[in-house]
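As structure tokens, the structure follows; a few thoughts come after it.
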Amino acid sequence: MAVPSNSTKTFKLNNGLSIPAVGLGTWQSTDEEAYNAVIAALKAGYRHIDTAYCYGNEEPIGKAIKDSGVARKDIFITTKLWGTDHTRTEEGLDRSLKLLGLDYVDLFLMHWPVPMNPNGNHDKFPTLPDGKRDILFDWNFVDTYREMQKLVASGKTKAIGVSNFSITNLKKLLADPEITIKPVVNQVEIHGYLPQQRLLEYAKENDIVLEAYSPLGSTGAPLLKDELVQDLAKKNGISESTLLISWAVWRGIVVLPKSVTPSRIADNLKIIELCEEDGKKLNELASIRGEKRLVSPPWDPIVVFNDED
């Protein structure tokens, strides 16, 4: 039986930086929850915090980082460019830096490969009269990424990457001759019911690290109730969440569990060295239960998850 211990494991990014393998996810955290969660996480030993402009909680997260007493240089901080800022990437980053109260972030991600109208009827979710998303069809994510590359030289971010990219979209990005800075990560939904094995293999082939959001299955954490997960957790003498987080790290994936409960935040940092047998069993979970997304916003008519080669 492996004994869980606080994870200090890191992965090397393709630009030479190291990223902590376990970070705190903050999606759907209110201002108060985000502040308290970041304080608790940094106190527990986390050195990786993930947020985004769209989450609406950058300001309390920045305050918590400042109030924590942990040196800024010791914390890996990620935020993300929202769809309405695809045509104004530096402005989007500057807004996030101001809210966070920081001079730079360690990683700046394109949140979704879907540019939206920056002058629409809503700051974050502009819609057309028929209720569909107000998409920019004369601008695409490769245009956005070209502009993001300039932000590295500015010193406002140490690295850039993408989020919610399929293999098809990664291929399109990497094939562009003007892309000279390869994404260091691709942050996507990954959990036992959506292992993303093909995407993981493609990312590894191209020296891109995958990051897993919603690793417990998002709202309600349905994976924790799965019989196979419970059996393997019992076998190893650990919690179901520790098992699933350890599985992600075993696969070479950065994992971003979200919690606002101090005890769970601390427990989520404690992982084990998963054995090959148990890792492979969890790899097969989706084929047993059926592969399914549990986080899927309505991007119609844009196809985001087009994984065909």
Side-chain angles (χ1 to χ4, degrees), residues 25-31 34 50-59 78-96 99 108-148 160-176 179 183 186-191 193-194 196 198-199 211-214 217-220 222 256 258 290-309:
T26 61
W27 180 45
Q28 296 182 320
S29 295
T30 66
D31 283 8
D50 182 273
T51 185
Y53 173 68
C54 188
Y55 298 172
N57 54 24
E58 288 174 307
E59 189 169 6
T78 300
T79 195
K80 307 178 189 76
L81 179 81
W82 188 237
T84 47
D85 287 328
H86 273 231
T87 58
R88 51 188 185 192
T89 60
E90 187 164 20
E91 185 178 327
L93 178 53
D94 285 345
R95 185 191 300 113
S96 287
L99 288 167
F108 191 48
L109 303 180
M110 189 190 310
H111 204 149
W112 288 88
V114 185
M116 291 187 286
N117 186 356
N119 303 308
N121 61 4
H122 192 278
D123 172 47
K124 295 176 181 174
F125 301 102
T127 56
L128 298 170
D130 63 2
K132 292 182 178 181
R133 294 285 171 86
D134 191 354
I135 307 294
L136 292 182
F137 289 101
D138 58 352
W139 185 274
N140 67 58
F141 61 81
V142 178
D143 298 321
T144 307
Y145 196 85
R146 290 192 197 104
E147 295 302 308
M148 287 178 65
I160 56 174
V162 297
S163 181
N164 298 299
F165 266 54
S166 64
I167 293 174
T168 298
N169 287 339
L170 282 174
K171 285 182 175 180
K172 182 177 180 181
L173 181 67
L174 296 176
D176 189 278
I179 300 306
N186 180 22
Q187 185 179 129
V188 294
E189 179 185 352
I190 301 179
H191 45 70
Y193 297 155
L194 190 70
Q196 302 264 35
R198 287 178 57 245
L199 181 61
E211 293 187 314
Y213 67 72
S214 300
S218 193
T219 306
L256 303 166
K258 179 256 182 176
E291 187 168 304
K292 51 191 170 185
R293 293 186 181 277
L294 300 174
V295 182
S296 186
W299 285 122
D300 183 74
I302 296 296
V303 177
V304 176
F305 305 116
N306 50 347
D307 284 337
E308 62 272 17
D309 288 332

Heavy-atom side-chain proximity of I179 to L173 below 4.5 angstrom: yes
Quiz item: cation-pi between K172 and F141, 6.0 Å / 45°: yes
Min side-chain heavy-atom separation D123-Y53 under 4.5 Å: yes
Validation row: L109, T78 side chains within 4.5 angstrom (heavy atoms): yes
Side-chain donor-acceptor contact under 3.5 Å, T51 with E58: no
Approximate separation, where rounding is to 0.5 Å, of Q187 CD and L256 CG: 5.0 Å
pair N169-N164: side-chain heavy atoms closer than 4.5 Å: no
Beyond-backbone contact of T84 with P126, side-chain heavy atoms, under 4.5 angstrom: yes
E189 side-chain N/O to V295 backbone N/O, donor-acceptor pair under 3.5 Å: yes
Aromatic ring pairing H122/F125, orientation class (parallel under 30°, perpendicular over 60°, tilted between): tilted
Whether D143 side chain and N140 backbone form a donor-acceptor pair below 3.5 Å: yes
Side chains of L194 and E291 in contact at under 4.5 Å (non-hydrogen atoms): yes
Smallest separation among heavy atoms of L81 and T144, with atom names: CD2-CG2, 3.6 Å
Distance-minimising heavy-atom pair for D31 and G56: OD1-O, 3.4 Å
Side-chain (H86) to main-chain (W112) donor-acceptor, under 3.5 angstrom: yes
Residues T127, K132; criterion side-chain contact (heavy atoms from CB on, under 4.5 Å); working and verdict: CA-CA 5 Å; T127 56; K132 292 182 178 181; over 6 Å; no
Separation of M148 CE from R146 CZ (nearest 0.5 Å): 13.5 Å
Point-to-point distance, once rounded to the nearest 0.5 Å, from OG1 of T87 to CH2 of W139: 6.0 Å
Heavy-atom pair of closest approach, residues K124 and C54: NZ-O, 3.6 Å
Donor-acceptor under 3.5 Å (W27 side chain, K258 main chain): no
Closest non-hydrogen atom pair between P222 and Y193, with its separation: O-OH, 4.4 Å
Side chains of N186 and E211 in contact at under 4.5 Å (non-hydrogen atoms): no
Beyond-backbone contact of L128 with N117, side-chain heavy atoms, under 4.5 angstrom: no
Rounded distance (nearest 0.5 Å) linking atom CG of D94 with atom CG of L99: 11.0 Å
Lys/Arg N to Asp/Glu carboxylate O, K80 vs D50, below 4.0 Å: yes
Residue pair A52 / T79: nearest heavy atoms and the distance that separates them: CA-OG1, 3.3 Å
Heavy-atom pair with the smallest gap, counting every atom of T89 and F108: O-CE2, 4.2 Å
